[in-house]
Structures are given as C-alpha cells and as structure tokens.
Amino acid sequence: MSGEKPLTPTLSPQTGRGSRSPSPSRRASGRREAREGEGKRFFMVAIDGPAASGKGTLARRLAERFGFAHLDTGSLYRATARLVLDAGGDPADPATAEAAARRVEPRLLADPRLRGDTVAAAASVVAAIPEVRHALLALQRNFAAHPPAPARGAVLDGRDIGTVICPAADIKLFVTASTEARACRRVKELRAQGAVAIYESVLQDLNERDARDSERPAAPLAVAPDAEVIDTTTLDADIVFERVSDLVARTLKEKEWQ
Ligand code: CDP
C-alpha cells in the first residue's frame, strides 16, 4: 500500500469496531429520564466523515452507551439510490432521484441490500443532487430535534451533519483515516459478510466516492469549523470510543443533561 494522505488534517483518536445493538438504543444507566416535555431540546451529536472511516460504528456505540437514538443518514441516500436502481432509472437524473427521495421511509432503511457497493456508488450520485438533499432534510432535522422515545438525544452520522443538518449540535466530530486504512477496513468488512473483495478495486471505489462527495457543490463533505477531527488511521477502535465517550459524558454534565 502506498502512503496516501488522509482527507483532512490529523488530530487525534481511531475508529470503532462495533456494537451489535440496534438503534435507537436504550439508556445504559438507570438515571432520571431526560425527556421532560415537548418543548425540550434534546442532546445532539453530529458525526461526519468519508466512507469507511468508522463513523457509523462509533455513532452506534455512542447511542448504545448514552441512550441516544441513532440515524445513519447514509442509509437515506442509499435507499434513494436503491429505489432508482430497482425501477431501472438513472441515479444522475434529478427528477427521478428526487421522486425516489420523497418515497424514502424508515422501513426501507434496514434492507441489507443497501450495503452493497453498487448502491453505495449510486448513493453518492443521487447525493450530489440538491433536490434530493432538500427532500431528505426535514426527516433528518426532525429526527435530531425529536428523537424517538425513550432516547434522550440523537446521534446522526453522515457527510453534512455538523455543517448543514445540525449546525447547532452539542458535539461535532469529523472522523477520518487514510484512504488505504479505510480500504483495508472495507475489504475486511465485505469479506466478513462472505463477499469477494479485491483491495485495489475497493480502494478505487473509495477514491471515486470521496472525490464526488468532497467536490460536489451541494453540501460537500467538509469539516465544520467547530468540529473535533479524529484521525483513526493508527488508533485502536476502543480507544477512540472511550475518548469520545469521555467527551460526551463531560459535555452532558456541563449542559446538565444528567
Ligand atoms: O458507509 P459509508 O461511509 O461507505 O457510506 P454512507 O455513509 O452509507 O453514505 C453513502 C453515500 O451517501 C455517501 O458516499 C455520500 O455520497 C452520501 N451521503 C451524503 O451525501 N450525505 C450524508 N449525510 C450521508 C451520506
């Protein structure tokens, strides 16, 4: 593997391997219920980063530990892409893609077929269309503002959570890693699922997707000015999780959420 640069400047920790708990997660502790009424503002964690950086796993584990509901916003774009592909449509056609985005609903997000590489590539094509992003905006903001009970907060992961969807999030993280490290992880993941994965082609797919996601004019992958950048290239997943958990616990305490 050649030494390619990370997408963003390095700062600290590494990525999560994963808890298996479903989202939204329940509170881990038995402390007082934080949901106190309709006017309440829920705690919000925004996690952004490039493909296979480990942000999804980190988000799931945080949700489980702190009793937050989790929304993998990538699944919204993947579901949009899946609907377009299933109908034999062109993911790059704005009208087709927007119509599909408007049909996305929660029950479509658990489909294991969303995880495939063809869908991932088509997802990054539909995601570049402003009408698609607009069609999916309210669902994401609504989830963050009113996470399903009994969650006491929400964690959303994606590309534009800290910059566009939840600019007022209590914690913003940008999780990244070198392209090679991310490609290795994706290959491992795919092989663990029993799929055939060739490192070179996974690497190429990631590079193409990163370029599309970072260079598009509509809500490109970008680091929010107030985000903490976590470079996971050489760090252990559990260490990252523990460091971020400390940050969440401190911030919750400061804001008197618990
Ligand atoms: O899991 P992985 O990181 O490979 O991808 P994902 O998070 O499921 O996202 C799939 C695609 O959806 C990305 O390549 C982006 O193009 C798009 N996406 C986006 O534009 N904005 C988001 N908030 C989340 C995903």
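In listed order, ligands and their atoms are each counted from 1.
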Flag, side chain of Arg60 to backbone of Ala63, donor-acceptor distance under 3.5 Å: no

Backbone of Ala197 reached by a side-chain donor or acceptor of Arg191 within 3.5 Å: yes

With sequence neighbours excluded, residues passing side-chain contact (heavy atoms from CB on, under 4.5 Å) with Gln140: Leu71, Thr73, Leu76, Tyr77, Leu136, Leu156, Ile161, Ile165

Chi angles and distances behind the side chain to side chain contact (heavy atoms under 4.5 Å, CB included) call for Asp160, Arg133: CA-CA 10 Å; Asp160 61 341; Arg133 307 199 72 81; 2.9 Å; yes

Residues in the immediate environment of ligand 1 (any heavy atom closer than 4.0 angstrom): Ala51, Ala52, Lys55, Thr73, Gly74, Tyr77, Arg78, Arg115, Ala123, Ser124, Ala127, Arg133, Gly158, Arg159, Asp160, Arg186, Arg209, Asp213, Arg216

Taking every non-hydrogen atom, the tightest pair across Val155 and Ala59: CG1-O, 3.6 Å

Close side-chain approach of Leu190 and Asp117, heavy atoms under 4.5 Å: yes

